[in-house]
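The sequence lines fix the lettering, A, B, ..., with proteins before strands; numbering per chain opens at 1. Being a predicted model, the structure only gives us computed values, none of them experimental.
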Amino acid sequence: MATVEHSEATAPTGGDGGIRRRDFINIAAVSVAGVGAAALLYPLINQMNPSADVLALASIDVDISSIQPGQAVKTIWRKQPIFIRHLTPQEIQAANTVNVGDLRDPQTLAERTVEGHIQWLITLGVCTHLGCVPLGAAEGENKGEYGGYFCPCHGSHYDTAGRIRKGPAPTNLEVPEYAFTTDTVVRIG
Amino acid sequence: MSFPWAEEYRPKHPFMRWLDDRLPLPRLVYGAVGGGYPVPRNLNYFWNFGVLAGVALALQIVTGIVLAMHYESNAETAFNSVEHIMRNVNQGWFLRYAHANGASFFFIVTYIHIFRGLYYGSYKAPREMVWMLGLVIFLLMMATAFMGYVLPWGQMSFWGAKVITGLFGAIPLVGEPIQQWLLGGFAPDQPTLTRFFSLHYLLPFVILGVVVLHIWALHIPGSGNPTGVDVKSAQDTLPFHPYYTAKDGFGLGVFLIAFAILLFFLPNYLGHADNYIPANPLSTPAHIVPEWYFWPFYAILRAFTVDFILPAKLWGVLAMFASILLLFFLPWLDKSPVRSGSYRPTFRIFFWILVADVLILGFCGGMPAEEPYVMISQAATMYYFAHFLIILPILSMVERTLPLPNSIAESVLHGEEEEAAPIGVKPATAAE
């Protein structure tokens with residue numbers, strides 16, 4: 001109550017600088033309205049985020065037992081293409097002889113694969129330049145100058161480890177999160 | 001606003017001056033809902049409901065646009081897309097319940113707004129246009145709400161669409177072609193659903209446009225007030241902002257609390273369980289009723305059971321539409337020069353009988369079409385029309401009204417003096 005008496009004493013009508021009860025009520029009411037508006041904004045914005053049924057499809061299991069060395073398959077994960085490539089020993093060697101320091105996005109093949117499964121290169125089939133699907137996964141497609149993938153949209157060349165070697169793409173093909181649940185089944189996502 | 005004491009917009013900040021010279025939008029806002037709109041100083045809380053209806057409309061548009069991002073207007077998938085909104089979409093349950101219950105709240109505040117107008121004579125000169133534009137909004141609301149209720153494509157949606165479009169089938173000769181034209185077929189199906197979705201998205205913006213006209217027309221004479229006495233001097237008014245923004249803000253808080261209680265604790269209280277069953281063209285729900293806000297009109301529709309020159313079905317439809325169209329003529333049916341019901345003792349009694357009558361109609365409309373509800377509906381329908389066509393015109397000629405205060409300011413100060421006086425003692429001025 002002391003504060004009230006104080007404010008009344010120091011805030012005559014049309015007072016200059018004094019804090020009146022009315023000022024307090026005004027600020028409190030507008031603040032509550034502001035918090036309420038912000039709370040209302042949250043669902044209105046969040047509803048556009050991926051819904052529960054979209055997120056439920058966020059991980060897939062792929063059986064890779066039938067993919068021969070030198071072959072690659074395309075599959076779909078989160079509505080995007082995934083390349084699963086069974087590297088040949090020559091391709092692994094080609095990837096490992098590159099001087100990592102010279103690369104635009106320095107990474108070794110080992111860093112881009114799972115330990116014990118270095119022959120399995122699993123990447124998103126999405127060019128890191130502007131999102132086209134690179135060629136090279138299917139048989140007979142242009143694999144680019146480095147024997148990996150080639151993006152026909154703007155000419156990005158990827159090597160056998162899916163690393164960017166030439167062209168406009170800024171980074172290597174993205175490696176999704178994945179794990180081998182058995183020797184022949186990989187869970188992506 | 002035409003009062004000479006209305007504050008002119010004089011922005012202090014150079015940017016606002018710059019903007020106002022090029023686009024007088026700040027001036028418009030200031031004059032419409034700012035310090036430049038003088039409002040009678042004696043408005044009570046019943047004058048909150050116009051603003052509340054505006055808020056409800058905004059809420060419906062915002063939540064509706066968001067729901068349309070997830071809803072599918074396909075007869076095969078519509079029902080499931082609503083369940084998808086309820087289960088999968090982030091906070092989708094909140095948005096859908098807010099939209100469904102928001103419709104109910106829109107009607108609650110609109111009905112109170114209308115009855116406020118009926119009691120205080122808000123429809124009388126010079127505000128006839130405000131009243132009629134309001135009725136146009138009400139009709140558009142009913143069309144919008146009806147079509148929105150069809151979209152989930154549940155049992156009540158389907159059969160509601162069938163029954164309501166069937167009303168048009170009652171019109172002689174052209175009725176059936178009109179019904180088929182509305183449905184795009186012989187029964188509600190994909191074409192119906194798609195066009196209802198399209199129109200349900202469109203009409204709220206039409207409502208918004210008419211709301212602008214409604215407010216524009218209101219601001220020519222300015223707001224009415226509980227005494228019904230015209231504003232005479234600057235003493236009678238207060239600037240809209242901050243006085244009525246604050247009062248409306250308080251009312252809005254109460255409104256939102258009530259809305260939140262329904263939304264979070266009783267979200268399906270006003271709905272029908274049958275609408276959680278997918279539409280089935282081969283089976284009608286045992287007890288088919290529209291949403292509660294249509295009940296009074298539904299009762300009038302069903303009150304006609306006997307063919308009299310015209311078929312009973314047509315009578316029901318005509319009476320239902322007439323019950324609203326009649327209100328367009330209200331400014332000329334009630335010719336009493338006294339606006340406010342507070343100074344019309346006899347009118348006041350009949351006003352409350354009308355309120356009870358409409359509530360009874362609403363109750364009967366929600367009940368099955370059996371006795372005694374049909375008979376009660378018939379009596380209540382008769383009284384409804386009698387109120388407007390017989391009682392009001394006679395009353396406006398014979399009623400002895402109470403003396404009006406000289407001015408709004410006087411009525412307000414009078415009240416204060418009376419309140420300030422000791423109990424049982426009449427202040428000298430009031431005793432005169």
Legend entry - Residues B:Asn225 and B:Asn42: side-chain donor-acceptor under 3.5 angstrom: yes
Inset, instruction - Between chain B and each of A:Gly36, A:Ala29, A:Ala52, count heavy-atom pairs under 4.5 Å; write down the option with the most. - result: A:Ala52
Legend entry - Side-chain ion pair, A:Glu145 and A:Lys166, N-O less than 4.0 Å: yes
Inset, instruction - Determine whether the aromatic ring centres of B:Tyr71 and B:Phe197 lie less than 6.0 Å apart. - result: yes
Legend entry - A:Leu55 versus chain B, the contacting section by heavy-atom distance below 4.5 Å: neither
Inset, instruction - Count the heavy-atom pairs under 4.5 Å between each of B:Ile85, B:Leu256, B:Val66 and chain A, then report the option with the highest count. - result: B:Val66
Legend entry - Ring centre gap for B:Tyr293 and B:Phe107 strictly below 6.0 Å: yes
